[in-house]
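Both ligands and their constituent atoms are indexed starting at 1 by order of listing.
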Amino acid sequence: MRTELGFAALAGIETELLAVLAGDSQTGKGPETKPAPALLTDDEAVKAAAAAVLASGEFKAGANETLLLHAPAGLKAKRLLVVGLGKQAKATVHGVRNAAGTAVRFAKPRGIKELVLALPVPLPGMDGPEARASVRAAAEGALAGDFDADAYRSERKDQSVQKFTLAAPESPDKTALEAAFAEGVIVGESQNFARTLVNEPGNKLTPTVLGQRAAEMAQAVGLACEVHSTEKLHELKMGAFWSVSQGSEEPPALIVLRYAPEGAAKDGPVLGLVGKGITFDTGGISIKPADNMEKMKYDMSGGAAMLGAMRAIALLKPKVRVIAVICAAENMPDGKAYKPGDVETAMSGKTIEIINTDAEGRLVLADGLSYARQLGATHLIDAATLTGAIGVALGLVNAGAFANDDATFVKFEAALKVSGEKFWRMPLGEEYADQIKSDIGDIKNTGGRYGGACTAAEFLHAFAEDVPWIHLDIAGMAWIDETRPYIAKGPSGIGVRSIVEWVRSF
Ligand code: BES
Ligand code: MN
Ligand code: ZN
């Protein structure tokens, strides 16, 4: 999808579809009050074209509600689409992001290949950072909306939108808005890059192929990249990572990306991004039930999020050093597979008693965290589809975030305000650590029925130790089961936007 920011007056724009946003401006309560849809534009021609239908009360401006007018009077556009933002008083840039996605997803099945979205005016503080944030969010939302997961359908109709234009009102601050738009495009495309990887089935995207895709991306954006395999795992004594991989015919991939900008202070922070890259999780010898097992191709979503984030970082060029370590393997049952009861020695030297071979993510991450530390990371963030338990705890609404350092987490919370992604902080604690003490070794890989997401996080904590660290458990949020007006079902790309913003905050 090509993207462009323009500053033309709306009435004169020739386009297949002009989308404008509307908020519900009704503020009162009680049985008498009716929704009062109000167009968020000061273009008189657009207002006149939509006046009658808005007065009819048929359209309530609910979030992502749409209304289409053909041949709108007084406009050069062939169609006028009104997209609801919900209650105007509560409108946020995140609503704008979704509305942009809704406009694009409205166009797709109708064969509309090109559209223009009017930047909503007025929003609170419209000429300050709010305008920039809306511009950026609109670009992100439009790109996210364009993605569909049907890559392997032979009769696939290419419904993608070819051109998306955001029309902003004339502004003294064009350069700043253009920069914000360019940022949004980078972040949106990077999120889609991650989603494309996650969508690949396990037979097409093996650990080796994931390594190749990472290397191609790194080459394209100018990142240093190394992809190692079995030999390097042995050399580094990555017993935990290797144990997961040893049951598969497919060799593991240890993917390392490095971003070292010239301007970064020599003694400044080095951020270590560690991703779980299980390209397929059968559960291994502790095999999973057949129902929904096909979904376990998305068990590399954390690794994909880190690759998407690194792509955006390489293009946005923040002045901080970043290293990404993605531990890719396939978790399979086999004569050579690791077994419950086995004791493995991790890279850090800690011994791990295997209770359940389906708790494999924490094993590959244990060594990934140790390696990122060895490479000089001063701060760590990991992302993983780690536990079903996080979905039980938080539903499919929030992803889980854990941290051993409040100051580092505060930065992440600030990043969430920009990204609009929903993460909820979950507890760590000695009591959870007690649940994973082993009788035979230092630690065991499962902690029993209760607090599964927290014991998994404590397992990782044992390898991050006191390095400031954030753990993102995205298992409940990495795959969307039902299409929404602004985003297709399938891989969500969650994490990319927040991780990028967290990195930029250093
Ligand atoms: N990849 C799964 C977690 C998962 C579950 C991701 C559902 C996405 C959706 C992980 O490797 C796993 O199997 N975890 C186990 C841990 C248990 C054995 C302690 C789980 O959550 O059941
Ligand atoms: Mn598993
Ligand atoms: Zn897994």
Using side-chain contact (heavy atoms from CB on, under 4.5 Å) as the criterion, point out the one residue from I285, N445, D358, I355 that pairs with P340. I285

Of K489, R153, R105, R195, the residue whose pairing with D148 passes salt bridge (charged side-chain N to carboxylate O under 4.0 Å, His left out): R105

Under the 6.0 Å and 45° cation-pi test, does R425 pair with F409? yes

Taking the Zn ion (ligand 3) as the apex, D299 OD2 and D281 OD2 span an angle, rounded to 10°, of 90°

Looking at D281, pick out the N, O or S atom nearest to the Mn ion (ligand 2) and give its name. OD2

Under 2.8 Å: N/O/S of D299 next to the Mn ion (ligand 2): no

Less than 4.0 Å between a side-chain N and a carboxylate O, is that true for E465 and K350? yes

Please determine whether the number of non-hydrogen atoms from other residues, nucleotides or ligands lying under 6.0 Å from atom NZ of K295 exceeds 12. yes

For a quick check: using heavy atoms under 4.0 Å, what are the residues in contact with ligand 1, sorted by chain and number? K276, D281, K288, M296, Y298, D299, N356, D358, E360, R362, T385, L386, T387, G388, T446, A475

Indicate whether the side chain of S498 and that of E421 have a donor and an acceptor atom separated by less than 3.5 Å. yes

Within the stated cut-off of 2.8 Å, is an N/O/S atom of K276 closer than that to the Zn ion (ligand 3)? yes

Do the side chains of K288 and E294 get close enough for a salt bridge, i.e. N-O under 4.0 angstrom? no

Which single N/O/S atom of E360 lies at minimum distance from the Zn ion (ligand 3)? OE2

Taking the side chain as everything from C-beta on, heavy atoms only, tell me whether K339 gets closer than 4.5 Å to I354. no

Check E360 and report its N/O/S atom nearest to the Mn ion (ligand 2), by atom name. OE1

Test: R110 cationic atom under 6.0 Å from F106 six-membered ring centre, within 45° of axis: yes

